[in-house]
Amino acid sequence: MLQYLIILLDDTSTSFCHYKNLKTKQCLIPIETLRQGIRFGMMENLMIQFVFPDCELPQEHKNAIETIDHSKIVSSLCEDNVLRADADVIVYHDWTELSFGKFENDKSYVLRTTKDDFFDRYHSMKDALGKVVRLNIVLTDVEKFDDEDFAKYKQCLSQLSDDMIAIYKEGKSPQLNILTDRLMLDGMNNCNAGSESITLAPNGKFYVCPAFYFDDEADSVGDLKQGLDIKNRQLYKLDHAPICRHCDAYQCRRCVWLNRKTTLEVNTPSHEQCVVAHLERNASRNLLASARKFGEFFSGKEINEIDYLDPFEKRKEW
Ligand code: SF4
């Protein structure tokens, strides 16, 4: 069932996930389209997430946005200081900006990074982790991981786990998606684009998620006039994902856009996405064991030891 409507307010709205937004020419959502989108969200009882561009919006757009409950996703580079202060999610695209970031407890932070930047700079994350309530790391090139990268990622997660322990000992308990989400989950908590969320673009058309719009505007799944028209909608659901439905890397984004890009099927993940998610899962398991050496930690939570990093290897057992 749909729960979320993501509204891209402009063609230059910030990316907050794996995809790149290469559009540089502003194309603001027309005010009537924005109002119709908000009406659609209200009629369908959806929680609306507005994704902002870096430039300031006209006042009538700001007024329309405030007519409904919503959350705001804003880049750290946004020129509108008032908006940045009011944002629910702040997206960093650069490690240097993150290191100068001023963090507030009522916000979540996202850092989009390539794997190589992550390997080079991850040790500088400890400072930010001591100040945030939640930091999400988004790897923008998961599909490029190779065996050497997997080994590096495992080592980075192990070091970050030690950093988290040090921070816990200071009495703080920040969330870092790649290490702590799995500790808090008892079932799959994926992105669920096309199943639980849908995106409205400035052109008045719906897309499975922003990545589908920025990849190909012709790839729409309906519009505000005709309504949603998602072909083979069941394929976006977990129970029609033959590999994922057997998996317990509950924190995995299970990105359907990455799936389609890498395997040509929205419900079939790439080897890289699965191994990265399992390295995180296993690092969460190790973090749990380490944290319990000095105190009560996620009482009752257990993460089993497993002997694979890609569930595809286990398909004959299902
Ligand atoms: S790790 Fe792989 S199988 Fe598991 S949820 Fe993620 S994409 Fe699906």
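Side-chain N/O atoms of D215 and W257 include a donor and acceptor closer than 3.5 Å. With 3.5 Å as the limit, one finds a donor-acceptor pair spanning the side chains of D310 and H271. Side-chain contact, E143 with T262: no donor N or O sits under 3.5 Å from an acceptor N or O. No hydrogens or angles considered: nothing links the side chains of H93 and S15 as a donor-acceptor pair under 3.5 Å. Counting only N and O atoms by type, the side chains of R285 and N282 include no donor and acceptor under 3.5 Å apart. Side-chain polar atoms of D10 and T12 form a donor-acceptor pair below 3.5 angstrom.
Taking 4.5 Å as the limit, every side-chain heavy atom of P202 sits out of range of all side-chain heavy atoms of T33. The closest side-chain heavy-atom distance from R281 to I306 is below 4.5 Å. Within the 4.5 Å cutoff, no side-chain heavy atoms of F118 are placed close to those of D149. Between M188 and C252 the shortest side-chain heavy-atom distance does not fall below 4.5 Å. The closest side-chain heavy-atom distance from R260 to D219 is below 4.5 Å. Taking 4.5 Å as the limit, every side-chain heavy atom of V89 sits out of range of all side-chain heavy atoms of Q49. Between Y153 and I178 the shortest side-chain heavy-atom distance falls below 4.5 Å. Two residues are said to be in side-chain contact when any heavy atoms from C-beta on lie closer than 4.5 Å; F52 and D80 fail this criterion.
Residue F119 is grouped with residue L179 when hydrophobic side chains (ILVMFWY) are merged at heavy-atom distances under 4.5 angstrom, including chains of intermediate members. Side-chain heavy atoms closer than 4.5 Å link hydrophobic residues (I, L, V, M, F, W, Y) into clusters, and following such links, possibly through other members, connects L160 to F298. Hydrophobic clustering (ILVMFWY, side-chain heavy atoms < 4.5 Å, transitive): I7 and I31 are in one cluster. Taking hydrophobic clusters as Ile, Leu, Val, Met, Phe, Trp and Tyr residues chained together by side-chain heavy-atom distances below 4.5 Å, L129 does not share a cluster with V133.
To the nearest 0.5 Å, atom CZ of residue R39 and atom OG1 of residue T67 are 9.5 Å apart. Interatomic distance, L287 CG to T180 OG1, rounded to the nearest 0.5 Å: 8.0 Å. The distance from the CG atom of D163 to the CD1 atom of I165 is 10.0 Å, given to the nearest 0.5 Å.
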*With salt bridge (charged side-chain N to carboxylate O under 4.0 Å, His left out) as the test, would you mind laying out the steps for D127 and K131 before giving the verdict?*
CA-CA 7 Å; D127 191 42; K131 297 175 188 160; 3.1 Å; yes
*Could you please spell out the steps behind the salt bridge (charged side-chain N to carboxylate O under 4.0 Å, His left out) verdict for K261 and E272?*
CA-CA 12 Å; K261 187 175 167 188; E272 292 79 14; over 6 Å; no
*Before giving the answer on side chain to side chain contact (heavy atoms under 4.5 Å, CB included), spell out for E56 and L83 the whole-Å C-alpha distance, their side-chain angles and the decisive distance to 0.1 Å.*
CA-CA 8 Å; E56 189 164 350; L83 172 62; over 6 Å; no
*Given the rule in the side chain to side chain contact (heavy atoms under 4.5 Å, CB included) test, do I303 and L183 qualify, once you have shown the distances and angles that lead to the verdict?*
CA-CA 8 Å; I303 302 175; L183 301 178; 3.9 Å; yes
*Go through the steps for V51 and F16 under the test side chain to side chain contact (heavy atoms under 4.5 Å, CB included), then give the verdict.*
CA-CA 9 Å; V51 190; F16 55 94; 3.8 Å; yes
*Would E317 and H246 satisfy side chain to side chain contact (heavy atoms under 4.5 Å, CB included), going step by step from the backbone distance to the final call?*
CA-CA 10 Å; E317 294 176 20; H246 295 282; over 6 Å; no
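Side chain of N177 to main chain of I137: a donor-acceptor pair is present (N/O by atom type, distance under 3.5 Å, no hydrogens or angles). Side-chain atoms of T140 come within 3.5 Å of backbone atoms of T113 as a donor-acceptor pair (strictly under, hydrogens ignored). Looking at D11, its side chain never comes within 3.5 Å of a backbone N or O of K25 through a donor-acceptor pair. The backbone N or O of G194 lies less than 3.5 Å from no partner atom in the side chain of K237, so there is not a single donor-acceptor pair. With hydrogens and angles ignored, the 3.5 Å screen pairs no side-chain donor or acceptor of Q159 with any backbone N or O of H123. Remark: side-chain polar atoms of T263 are paired, donor with acceptor, to backbone N or O of N259 under 3.5 angstrom. The backbone N or O of F297 lies less than 3.5 Å from a partner atom in the side chain of R292, making a donor-acceptor pair. With D94 contributing its side chain and E97 its backbone, the two residues share a donor-acceptor pair below 3.5 Å. Here the side chain of R182 pairs no donor or acceptor atom with the backbone of A277 at under 3.5 angstrom.
A pairwise comparison of heavy atoms in S197 and C191 identifies OG-O, 4.3 Å as the closest pair. Minimum heavy-atom separation, Y236 to V208: OH-CG2, 3.6 Å. G41 approaches I48 most closely through the heavy-atom pair CA-CD1, 4.2 Å. Taking every heavy atom of both residues into account, L9 and I65 meet most closely at CD1-CD1, 3.8 Å. Annotation for Y92 and G101: closest pair OH-CA, 3.4 Å, computed over non-hydrogen atoms. The two atoms that bring A201 and I29 nearest to each other are O-CD1, 4.1 Å, heavy atoms only.
Among D106, D86, D88, the single residue meeting the salt bridge (charged side-chain N to carboxylate O under 4.0 Å, His left out) criterion with K72 is D86. Tested against N190 for a side chain to side chain donor-acceptor pair (under 3.5 Å), the candidates E196, R253, Q251, R254 yield a single pass: R254. Screening T199, D229, L5, I230 against F206 for a side-chain contact (heavy atoms from CB on, under 4.5 Å) leaves a single residue, L5.
Under 4.0 Å is where a charged nitrogen must lie from a carboxylate oxygen, and between K205 and E217 no such pair does. Residues E170 and K126 are not paired through a salt bridge, judged by the lack of any N-O separation under 4.0 Å between the basic side chain and the carboxylate.
Cation-pi geometry between K23 and Y213 is satisfied (NZ or CZ under 6.0 Å from the ring centre, within 45° of the ring normal).
Atom CZ of F100 sits in a sparse spot, with 12 or fewer heavy atoms from other residues, nucleotides or ligands closer than 6.0 Å. When the shell of 6.0 Å around CE of M184 is examined, it contains more than 12 heavy atoms from other residues, nucleotides or ligands. A 6.0 Å sphere centred on NZ of K144 holds no more than 12 heavy atoms belonging to other residues, nucleotides or ligands. Annotation: D239, atom CG; neighbour count of heavy atoms from other residues, nucleotides and ligands within 6.0 Å is above 12. Around atom CG of D69, no more than 12 heavy atoms belonging to other residues, nucleotides or ligands sit under 6.0 Å away. The environment of D216 atom CG is dense: over 12 non-hydrogen atoms of other residues, nucleotides or ligands sit within 6.0 angstrom. When the shell of 6.0 Å around CD of E148 is examined, it contains 12 or fewer heavy atoms from other residues, nucleotides or ligands. Within a 6.0 Å sphere centred on NZ of K107, other residues, nucleotides and ligands contribute more than 12 heavy atoms.
Classification of the Y109-F103 ring pair by plane angle, with boundaries at 30° and 60°, yields perpendicular.
Aromatic rings of Y207 and F214 (six-membered ring for Trp) have centroids beyond the 6.0 Å cut-off, not under it.
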